[in-house]
Amino acid sequence: MGINSYLKDALPENENFELLHILSVPKETHPIVTQNISTRRDSKNVTIKTQHFFSLFYHSKVIFGLEVYVYITLYNSTIDSHPKLDAERLIFISKADTSGYSDIRVNVKDITNSILSYLLSIDPNFYLKNVKPIQRKRDIYTKQLILGSTSTRKGLKILSNRRRKGFRLDNEKINKNLFSHFTCNQNIITKITLFTRPSEQYLFSKSSESGNKHILAGSTLLKWWISLIDKNILHNFKQDTKAAMQIPGESSLEIKRYFKSLLYPNWQVGDIFGGTDTSLAVYKIPLFPDDPKSRFIRQLVEEGRILSVKLSTFWTELQERQEFRLSETVSVIGIEGYLSKLPIYIPGTDDIIISGSKNKFNRIKSYITGEEYDTEEGATESYYNVKTYLKERIGTNLILISGSKKNSLSTRTEQSKPKVTILQVRKKTK
Amino acid sequence: MGEVKPNEEEESNAFLQLAECELKVDAIEKDVAQYRLDKMKSVYQERDGLVNKIPEFWKIVLSQHTDFANYIRASDFTYVDCIQDVKVEWDNVDEFKIIIKFDGIKDDFEAQTVTKQFKRQKIIDDTKSKEDSDSDDDDDELEKLISEPVDIKWPKKYEDICPESIQDKKSPEGKKKYRQGMKSLFGWFRWTGLKPGKEFPHGDSFAELIVDDLYPYCVKYYTEAHRDLEDENDDSDSESEGELDLSDDEGNENEPKRRKL
Amino acid sequence: MGEVKPNEEEESNAFLQLAECELKVDAIEKDVAQYRLDKMKSVYQERDGLVNKIPEFWKIVLSQHTDFANYIRASDFTYVDCIQDVKVEWDNVDEFKIIIKFDGIKDDFEAQTVTKQFKRQKIIDDTKSKEDSDSDDDDDELEKLISEPVDIKWPKKYEDICPESIQDKKSPEGKKKYRQGMKSLFGWFRWTGLKPGKEFPHGDSFAELIVDDLYPYCVKYYTEAHRDLEDENDDSDSESEGELDLSDDEGNENEPKRRKL
């Protein structure tokens, strides 16, 4: 089922919305969790990383945005000899935000959850068909190609040659030599993880200045997210799913109090990355883009303490870091389990815009995130720019979604404004 | 606060003399920039001629450049595609013109060549109040890029946001249209640098982008646009993303050398 | 593939001529760099003298610089703090020396002045296999920075990782110690650029950092170091606004200013 079928049930009946859904080029990357020397040496694991970006529009204005990374890890791949590899999928919810300019009451939690359910329904093999390798081979054939590593002068000579002799890309050869291709089982472990941290805005710069947004405090934000994930477990995951939450600087007892109102019975204090208090943090904590945990790990490397900091110290010190100096409640939420329904959906072009390059992905995204939202014009301009760009430069359009949620349901009026994950980067002023 | 000790005196003087040195450095940098321009002049001219033989050269360069698009509206790309030639001519290091040649679009946009003149000027920072102006006034002199508005014929499609055709500039709707027009590529040609907040946003950086980056490195951008695999266009690989380097700590021999730089 | 049409021929030639232009541009850039060095020479000399009058000038500059620390081991900072003076002297744009004057630490580290000589050289890229070398060989000529190893007396505390005192360089433990030493600031003085993987990592970038950034802009970094300290003391400003940047991911982090500015 396409994204439309998931989202329409979360949006009010008889109302039309538009959705942008872009996907970055899947590419090989380093393991999510740093391996220790011996595992690293023997490991033939492959990690593939892809980024999804969604934004929802109503009345020609952007109202909501969500950024998610999907990682597939293939274990002990001896690639050709094992057609079906054992694998794991990890969904990292990076940011969700509202612009504050919705003319209609929508349930942001339901919207977010629907998109999450949609992502879970995607066949992991979708990300594995054509993967950009970490390093591309240089051989006699690729020397005739213009790649990122080709110098300007060499590039000009190649272009000159092509004008004279003609040239056609050998797509088959390129596909075979310059991309990686994998397959894995559909029934694999799936993890979802996020870091909740209160902030005035995550994706829509200056949106808090309009006065339309309701900024959630740390513990409210945490409750918002954990109840969303809680619902999602019941809906998509099998019974034995592990569900865990860690609040740096908080006692187990305090953390457990958040579980009382939840429906899934097996919530526990901790995280899904394993280890005990005395494990080295570096080999247990995942590295995500723009994530406080990862930043702290990198700082420990710089400080030369990386091989001495244990998990318990890590969590204590994390909470004391300057980025959290307002002593706001932050949390790490994670779940891990098998889906109750096999993910078999392969998104089509009516469902997703696969951007050919990271630059193009960033271009489209920056029409949303590069705008300023202190006035409504920002929300209109970003809509107008994205729509025009898609039409003129990519020859496609936003996805039209007609809401189908009955009015009676929406009287539950929980106008949630999520203040989500990831925290801001302090920029050095030069 | 007590008397000044000899070496404190000396230190204090050293700081003042260092400030003088900085001024000398700035003057040399200007001189070097001028020297560079004089040297480059003939190569740029030769290159302008060659570039003209390559169809769609500028269209490709301007679509390729990641930052260029940040300054204009997405709908402006229709007219960016009309740009047949871009030239920068320097009178000296602080005065230059950008010359843009547009092809036309039937029934919408007239073919034209527009020359916009720029000047870098020392301007006294007038955000400071009078009372705190002291003998250090010269420190507050900022160099600022300014320009003169230049006529350009707007496309028919932009009639509703073209300042000449907005009847009522006072109504909220009129104001909004006016601002939209100012944010377009065409708004930039009216940019002066003297009415911040009311003009094309960041008109100075946009000019500098053309003068310091797009024009000097146009051939590089053209070549990059021809990469055979689209996914090779990825200039965002960043340090905050890479694998941890634990080789120092673990003393591991087959660790790849990759310190995050 | 068919015959070459006249304008294809012309285009093809234009590309070759553009490639020639790039060579000319490179040559001019070298010439400009040399011109700049000649002009700066006396100012740098004057500045070296002034900087010497300011206590702990280089200690502060080197601790301030964010990138400097990326190259060395955290424990090296004990000896970075001993650096009393840093000087760069250019013979020409491709040959220069870095002169570092260390104060001593009693019973650990001897005061000394060390001069390390560098040279930029064209080197044929020998990673390419013989068979695919064709007429385009000139494209593969890379400019590479190389240097000569220079003697420096290591601190006593580093005795276990100092190459001179490691008895058994073949044992796993010996190898590990040797590598750790090579990664320290002292290892850099032995760097040649000719044995990649076995020397101080990124010795070339480290030298370039000193020559192209730290030395030319040392006064700027010194001043910034003092500004930062003030900021730290001034917590009255809420962090909510200005200093926080909502840049969202790796991509945007190092992306240049965009419309949101």
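With contacts defined as side-chain heavy-atom distances shorter than 4.5 Å, the pair L18(B)/T223(C) does not qualify. For the pair L50(C) and F15(B), the minimum side-chain heavy-atom distance is 4.5 Å or more. Contact check for C21(B) versus V219(C): no side-chain heavy atoms found under the 4.5 Å cut-off.
For Y222(C), the part lying under 4.5 angstrom from a heavy atom of chain B is the side chain only. Proximity to chain C (any heavy atom under 4.5 Å) is shown, for F206(B), by neither the backbone nor the side chain.
To the nearest 0.5 Å, atoms NZ (K53(C)) and CD (E11(B)) are separated by 11.0 Å.
Of the listed residues N13(C), V43(C), V51(C), the one with more heavy-atom pairs under 4.5 angstrom with chain B than any other is V43(C). Ranking M40(C), R47(C), Q17(C) against chain B, the residue ahead of the rest is M40(C), based on heavy-atom pairs under 4.5 Å.
Crowding of Y217(C) atom OH: a count of heavy atoms from other residues, nucleotides or ligands under 6.0 Å not exceeding 12. By the 6.0 Å contact criterion, NZ on K220(B) is enclosed, its count of non-hydrogen atoms from other residues, nucleotides or ligands being greater than 12. For NZ of K144(B), the number of neighbouring non-hydrogen atoms (other residues, nucleotides, ligands) closer than 6.0 Å is greater than 12.
Sorted by first and then second residue, the salt bridge (charged side-chain N to carboxylate O under 4.0 Å, His left out) pairs involving residues 15-24 of chain C (not counting sequence neighbours) are E46(B)-K24(C).
Against chain C, the residues from residues 27-35 of chain B that qualify, each with a non-hydrogen atom under 4.5 angstrom away, are I28(B), E29(B), D31(B), V32(B), Y35(B) in number order.
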